[in-house]
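Since the model is a prediction, treat every value here as computed from it, not as a measurement. So you know, we letter chains A, B, ... as the sequences are listed, proteins then strands, and number each from 1.
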There are 2 protein chains.
Amino acid sequence: MGIIERKEREKEQRREEIISAAEKVFMEKGLPAATMDEIAELAELSKGTLYLYYKSKEDLYVAVTMRGGEILYKLMAEATSPQKPVLERIKGLGDAYFEFFQKHRQYFRMYRYMDNPQVHKQVSEEMLGACKAKDQRIWNLGVNLMQQAIDEGLIQSRVAPVEAIVMLWAISDAMMRQIDGNSDYWKQLNVDLESTLKRSYEFILEGMMTKKGKHKFQPLKTAEEIAS
Amino acid sequence: MGIIERKEREKEQRREEIISAAEKVFMEKGLPAATMDEIAELAELSKGTLYLYYKSKEDLYVAVTMRGGEILYKLMAEATSPQKPVLERIKGLGDAYFEFFQKHRQYFRMYRYMDNPQVHKQVSEEMLGACKAKDQRIWNLGVNLMQQAIDEGLIQSRVAPVEAIVMLWAISDAMMRQIDGNSDYWKQLNVDLESTLKRSYEFILEGMMTKKGKHKFQPLKTAEEIAS
DNA sequence: CCGTAAACTGACCGACAGTCAGTAGATTCA
DNA sequence: TGAATCTACTGACTGTCGGTCAGTTTACGG
């Protein structure tokens with residue numbers, strides 16, 4: 001009785017096809033300007049069918065952003081895989097986020113546009129739950145890493161791991177938004193936000209380190225600086 | 001010939017009345033769910049008239065947010081008025097932003113929702129220009145203050161004043177967004193983002209100080225801590 | 001009191017999210 | 001094989017809303 005399974009598979013495939021079409025339209029036009037008719041046409045389906053698979057336009061939007069979330073997760077997971085010293089990996093986490101920002105700008109924008117109450121209200125509970133779960137996994141990568149750095153005595157134990165990661169995330173996120181949205185403005189002021197971000201990240205990270213941590217990290221940094 | 005002037009005054013008054021009505025509706029429903037019909041009814045005008053005064057729904061939205069910008073400016077201007085030591089005032093700038101966030105949450109949200117390309121496209125050039133000007137004034141408060149602190153030898157001269165302020169702003173802004181939008185999530189993790197924000201702000205500020213600055217600032221801080 | 005200009009109106013338009021009665025095609029069963 | 005049933009899909013239709021504009025009202029000047 002492989003029929004039910006096949007149907008299930010086909011259904012899943014349809015869901016993905018719809019996401020692919022929606023992705024194109026949302027990225028090109030943004031949520032408000034995109035239309036379900038256009039997505040339907042691109043997906044070679046009728047509009048009604050879209051609503052059999054997704055509850056609302058916003059639901060579909062969130063489904064698309066979750067692809068971006070998966071990319072971000074993979075980038076970060078790779079950056080934190082244990083082949084380098086812990087502090088390097090924390091640094092790498094920030095780099096991974098920045099890489100996501102640079103190479104998947106459209107996803108970054110969608111992701112950022114999403115966390116808005118206006119959008120949330122139109123999204124199904126399941127979708128919201130799946131989204132939270134994906135977010136959770138991403139945060140956990142950072143929190144675990146930070147915990148490890150504390151355990152190894154490289155980061156001061158007085159800072160909670162969650163708070164430490166939140167700080168690093170906050171500085172990155174806010175600056176990336178500025179880079180993305182107001183780059184003209186900052187260029188005109190001769191402010192290079194990208195390097196400001198890099199320096200801020202390291203500045204905060206170093207501020208949280210123990211003496212032992214600084215000893216371990218500093219040589220690596222200066223070697224890097226010499227190379228450049 | 002006071003008639004022309006009176007007309008001008010009345011026109012300005014209409015503009016303000018419309019903003020007041022719009023403010024109510026936008027704050028209650030948010031940009032997408034608010035309707036021009038509802039705003040018109042509340043303003044006791046026809047919908048057509050709204051469009052004589054504002055180019056689009058988004059234009060009106062931005063006009064409302066500028067009231068919030070004015071409030072923020074005043075709070076910050078007050079915090080930076082020269083009656084306290086410079087470093088205290090930089091600290092006060094952060095507190096002012098947080099006060100704005102707490103006491104004028106709706107404005108904060110509108111302000112944050114605005115810096116989105118989807119909205120920008122529908123807004124008139126004049127409105128956008130007026131908005132930029134208001135933003136500029138706010139940034140300048142901080143930049144000037146920081147410059148003064150550097151001149152007084154309290155902040156390291158290697159950090160550019162703009163960059164220093166951007167850092168402090170970034171950490172505040174990103175965390176406030178989290179507090180506003182995901183407070184349940186963080187509460188459940190037992191993370192007090194508000195105190196994290198306060199500590200982060202001071203942490204970054206102190207990191208930028210010279211030894212002289214730290215000497216001047218530290219005693220004030222500890223005195224405060226003893227009091228609490 | 002009339003002519004003109006400015007302010008205002010609201011019926012109307014096009015666009016779009018979302019719905020649902022109906023259709024086509026696959027699957028099951030006699 | 002053919003009828004019955006079930007499932008996926010369709011697209012015309014509805015209600016809503018942003019924006020427009022021909023026409024009306026009001027205010028002013030001569």
Side-chain angles (χ1 to χ4, degrees), chain A residues 1-19 21-22 25-26 28-64 113 116 118-124 127, chain B residues 1-19 21-22 25-26 28-64 113 116 118-124 127:
Chain A
M1 256 324 104
I3 288 176
I4 291 174
E5 290 151 26
R6 197 199 71 213
K7 290 248 169 175
E8 209 58 49
R9 244 191 354 263
E10 281 174 358
K11 224 167 173 175
E12 192 50 44
Q13 199 181 326
R14 268 272 184 284
R15 285 182 74 87
E16 287 300 317
E17 283 168 13
I18 291 171
I19 290 183
V25 177
F26 282 135
E28 192 182 327
K29 313 232 168 152
L31 176 55
T35 72
M36 291 301 266
D37 284 297
E38 193 177 347
I39 293 169
E41 196 176 352
L42 199 64
E44 293 174 309
L45 289 168
S46 77
K47 186 160 60 159
T49 304
L50 299 189
Y51 285 92
L52 293 175
Y53 288 89
Y54 297 95
K55 206 186 146 208
S56 68
K57 188 185 176 186
E58 286 74 14
D59 218 44
L60 182 49
Y61 188 83
V62 173
V64 175
Y113 190 75
N116 164 285
Q118 298 300 322
V119 178
H120 270 70
K121 266 185 288 185
Q122 312 288 334
V123 181
S124 66
M127 196 61 78
Chain B
M1 260 323 104
I3 287 175
I4 291 174
E5 290 153 24
R6 198 200 70 214
K7 289 249 168 175
E8 209 56 48
R9 240 186 4 258
E10 281 175 356
K11 223 167 174 176
E12 192 49 42
Q13 200 181 325
R14 267 273 184 285
R15 286 182 72 88
E16 287 300 317
E17 284 168 11
I18 291 170
I19 290 183
V25 178
F26 282 135
E28 192 181 327
K29 313 231 167 155
L31 176 55
T35 73
M36 291 301 267
D37 283 297
E38 192 177 348
I39 294 169
E41 195 176 353
L42 199 65
E44 291 173 312
L45 289 168
S46 75
K47 186 160 60 160
T49 305
L50 298 189
Y51 285 91
L52 294 175
Y53 289 88
Y54 296 95
K55 206 186 147 207
S56 67
K57 190 187 179 186
E58 286 75 14
D59 217 45
L60 182 49
Y61 188 83
V62 173
V64 174
Y113 189 75
N116 163 285
Q118 297 299 323
V119 178
H120 270 70
K121 266 186 286 184
Q122 311 288 332
V123 181
S124 67
M127 195 60 79

* To do: Only counting residues at least two apart or in another chain, list the ones meeting ring-ring contact (aromatic ring centres under 6.0 Å, His included) with A:Y54.
  => none

* Asked: Can a salt bridge be assigned to the pair B:E17 and B:R14 using a cut-off of 4.0 Å between side-chain N and carboxylate O?
  -> yes

* Asked: Within less than 4.0 Å of OP1 or OP2 of C:dC8, is there a side-chain N or O belonging to B:T49?
  -> no

* B:K47 side-chain N/O to D:dG19 phosphate OP1/OP2 under 4.0 Å -> no

* Find the distance A:D37:CG to C:dA15:C1' and express it as a whole number of Å. => 9 Å

* To do: Under 4.0 Å between any heavy atoms, over every strand shown, what does A:L45 touch: base, sugar-phosphate, or nothing? Just pick one.
  => sugar-phosphate

* Asked: Passes side-chain contact (heavy atoms from CB on, under 4.5 Å), B:K57 versus B:F26? Steps please.
  -> CA-CA 10 Å; B:K57 190 187 179 186; B:F26 282 135; 4.2 Å; yes

* Structure fact -> Winner on side-chain proximity to B:Y51, out of C:dC8, D:dT10, D:dG18, is D:dG18

* Asked: Relative to the 5' end of DNA chain C, which residue comes earlier, B:G48 or A:T35, by the nucleotide with the nearest heavy atom?
  -> B:G48

* To do: Rounded to the nearest angstrom, tell me the gap between atom CD1 in A:I39 and atom P in C:dG18.
  => 11 Å

* Would you indicate which nucleotide in D:dT10, C:dG18, C:dG10 comes nearest to any side-chain atom of B:S46? => C:dG10

* Looking only at side-chain N and O atoms, does B:Y53 come under 4.0 Å of OP1 or OP2 in C:dC8? -> yes

* Assign B:A34 to base, sugar-phosphate, or nothing according to its heavy-atom contacts below 4.0 angstrom with the strands shown. => sugar-phosphate

* Separation of B:K121 atom NZ from D:dG18 atom C1', in whole Å? -> 16 Å

